[in-house]
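Data first, discussion second: the structure below is written as structure tokens.
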Amino acid sequence: MKRLLRLTRYFISFILFLSSIGIYFTNRLMYMRKKEDQFILEREKEAGRLDPIEYESLPKKEVLVPSPFGYDLKMVIIEPYETNRYIIIAHGVTENKMNSIKYMNLFLKRGFNAVIYDHRRHGESGGKTTSFGHYEKFDLKTIVDWLKEEKGANILLGIHGESMGAATMLLYAGMLEDGADFYIADCPFSDFKELLTYQLKSEMKLPPKLILPVADLFLRMRQKYSIKNVSPISFIENIQKPILFIHSKKDDFILPSMSQDLYERKIGPKKLYLATNGVHAQSLNENPDDYEKSIDEFLSEFVYPDHQQFNH
């Protein structure tokens, strides 16, 4: 009897131990600490990437678009031109739409109108949890659908994503619909499980083979999706439209090999630009001329086959 009680105590302790791991790690994912909106605003202003006066002078409209998951997505449509060219910018995790302005400006210079928006649980959008692209891909489809309904199905549409925004964009295009004319994926991860494995080993010095199955079980119970569902490389072959992959060679948060793997797996029109300087999500900030050059070459080769001039 004593042995049975002891085994029962061990079993209960083990279950509690696994449960604490599952709850801790799913909390880390679902409620990843975001940067303060004011911090992002001040950072972008101080770095010269956001001119508040210039931004305020742009003709634009703020819109709340209902997500299929019961909250509102906050977006801003910026339309300085009478044109059918539009770019949607999807920001990275912990950021908000103000971080998208530097990318927006690149495309405004090239004669595009733009849409910037906040992912669920970020900025001014609703939603209680982050899912690293799983639910976000449906929200992106909602933004695309709204834009095409408002401006017509024949618009020339590009989507630019940074980090989680890039993974979200690839999941949208590979799993839901290849709904844009071109995509720019800046520092995406290729597979969420692989990314978490790398980060558990390198940053937390914990065994992924113990942690990830437990975390995945709790994620499926709490959020109704699996880590395995968040795998852009599993669906990249479904994307027929052109993709420009961008990644910094010095990125140690999401390794540049992930973009290289995505590039290799992608069928059809594609380009890869590996930036010399900068760490994660710093390719534009640290290599502005080469970044713009890579976009122009990509647009000239795949988006404008007649090599029409851009509005610089």
Side-chain angles (χ1 to χ4, degrees), residues 23-58 60-67 69-78 88-106 114-137 139-140 142-143 160-169 186-189 192 195-196 199 203-204 219 222-223 230 248 251-254 278-286 288:
I23 291 169
Y24 172 74
F25 278 95
T26 49
N27 279 349
R28 287 277 302 256
L29 297 176
M30 293 159 56
Y31 307 113
M32 189 172 188
R33 187 173 179 180
K34 300 173 292 182
K35 298 180 183 76
E36 295 290 335
D37 291 349
Q38 190 62 32
F39 167 81
I40 296 171
L41 185 66
E42 293 301 325
R43 182 195 66 197
E44 295 303 297
K45 281 163 53 178
E46 289 173 13
R49 297 187 289 263
L50 167 61
D51 181 335
I53 296 173
E54 184 180 292
Y55 177 71
E56 288 305 319
S57 71
L58 290 168
K60 58 187 177 299
K61 180 171 68 172
E62 297 187 356
V63 184
L64 287 176
V65 183
S67 163
F69 304 108
Y71 48 83
D72 286 333
L73 299 165
K74 179 64 175 287
M75 58 166 276
V76 182
I77 181 165
I78 300 97
I88 296 171
I89 315 287
H91 66 78
V93 71
T94 77
E95 297 285 345
N96 66 21
K97 61 184 174 296
M98 292 295 104
N99 184 62
S100 298
I101 287 174
K102 58 180 178 284
Y103 301 115
M104 175 196 82
N105 288 337
L106 294 181
V115 171
I116 59 176
Y117 75 102
D118 292 319
H119 287 299
R120 59 187 269 146
R121 197 184 154 259
H122 288 72
E124 297 177 272
S125 288
K128 295 180 179 178
T129 60
T130 293
S131 67
F132 294 88
H134 177 73
Y135 291 117
E136 287 83 358
K137 68 179 180 282
D139 287 343
L140 176 54
T142 299
I143 300 291
H160 179 293
E162 178 192 274
S163 192
M164 183 191 79
T168 296
M169 175 190 74
D186 188 327
C187 60
F189 59 81
F192 196 36
L195 175 64
L196 291 174
Q199 291 181 350
E203 292 183 24
M204 305 183 76
L219 199 61
R222 300 179 74 188
Q223 288 288 281
V230 189
S248 169
D251 191 339
D252 59 358
F253 183 73
I254 297 178
V279 290
H280 183 63
Q282 296 299 308
S283 294
L284 173 58
N285 297 341
E286 299 293 332

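Computed from heavy atoms alone, side chains included, the values below leave out hydrogens, waters and symmetry copies. This is a predicted model, so every value here is computed, not measured. Counting from 1, the numbers follow the sequence of the chain as shown.
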Residues Arg49, Asn285; criterion side-chain contact (heavy atoms from CB on, under 4.5 Å); working and verdict:
CA-CA 9 Å; Arg49 297 187 289 263; Asn285 297 341; 3.1 Å; yes
Tyr117 vs Leu140, test: side-chain contact (heavy atoms from CB on, under 4.5 Å). Steps then yes/no.
CA-CA 9 Å; Tyr117 75 102; Leu140 176 54; 3.6 Å; yes
Evaluate Asn105 against Tyr55 for side chain to side chain donor-acceptor pair (under 3.5 Å), listing each step before the verdict.
CA-CA 10 Å; Asn105 288 337; Tyr55 177 71; over 6 Å; no
Report the C-alpha separation of Ile77 and Lys60 in whole Å, then their side-chain angles, then the decisive distance to 0.1 Å, and conclude whether the side-chain contact (heavy atoms from CB on, under 4.5 Å) test is met.
CA-CA 5 Å; Ile77 181 165; Lys60 58 187 177 299; over 6 Å; no
Pair Leu284-Leu106, side-chain contact (heavy atoms from CB on, under 4.5 Å): steps then yes or no:
CA-CA 10 Å; Leu284 173 58; Leu106 294 181; 4.0 Å; yes
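No side-chain heavy atom of Lys74 sits less than 4.5 Å from a side-chain heavy atom of Asp72. Using a 4.5 Å cut-off on side-chain heavy atoms (C-beta onward), Val76 and Val63 make no contact. Contact annotation: the side chain of Tyr31 never approaches that of Thr26 to less than 4.5 Å [non-hydrogen atoms, C-beta and beyond]. Considering only heavy atoms from C-beta on, Met164 comes within 4.5 Å of His119 through its side chain. Counting heavy atoms from C-beta on, the side chains of Ile116 and Ile101 come closer than 4.5 Å. Side chains of Val93 and Thr130 form a contact here, defined as non-hydrogen atoms less than 4.5 Å apart. Side-chain contact between Phe192 and Leu29 is present, with at least one heavy-atom pair separated by less than 4.5 Å. Ile143 places a side-chain heavy atom less than 4.5 Å from the side chain of Ile88.
Listed for the Glu136 side chain is a donor-acceptor partner under 3.5 Å among the backbone atoms of Ser131. Panel note: side chain Arg121, backbone Met32; a donor-acceptor pair is recorded below 3.5 Å. When atom types are taken as modelled, the side chain of Tyr135 and the backbone of Gln223 share a donor-acceptor pair closer than 3.5 angstrom. Under a 3.5 Å cut-off, the side chain of Arg120 and the backbone N or O of Thr129 do form a donor-acceptor pair.
We find the SG-CD distance between Cys187 and Gln282 to be 9.0 Å, quoted to the nearest 0.5 Å. Atoms OG and CE, on Ser100 and Met75 in that order, are 12.0 Å from each other to the nearest 0.5 Å. Separating the CD atom in Glu36 from the CD1 atom in Ile40 is a distance of 8.5 Å, to the nearest 0.5 Å. The CE atom of Met98 sits 9.0 Å away from atom CG of Asp37, with the distance rounded to the nearest 0.5 Å. Interatomic distance, CG of Asp251 versus CG of Asp186, reported as 9.0 Å (0.5 Å rounding). For the atom pair CD of Glu42 and CG of Leu50, the computed distance is 9.5 Å after rounding to the nearest 0.5 Å.
Across Ala166 and Gly161, no two heavy atoms sit closer than the pair CB-O, 3.3 Å. The nearest pair of heavy atoms linking Ile254 to Ser163 is CD1-OG, 3.8 Å.
Partners of Lys97 under the salt bridge (Lys or Arg N to Asp or Glu O under 4.0 Å) rule, at least two apart in sequence or in another chain, are Asp118, Glu124.
A cation-pi arrangement is absent between Lys128 and Phe69 under the rule of less than 6.0 angstrom and at most 45 degrees off the ring axis.
Judged purely by distance below 3.5 Å, without hydrogens or angles, the side chains of Glu286 and Ser248 never pair a donor atom with an acceptor atom. Residues Lys137 and Thr168 bring no donor and acceptor atom of their side chains to less than 3.5 Å of each other. Under 3.5 Å, the side chains of Asn96 and His122 contain no donor-acceptor pair of N or O atoms.
Put simply, the residue from Lys45, Glu44, Arg43 that forms a side-chain contact (heavy atoms from CB on, under 4.5 Å) with Leu41 is Lys45.
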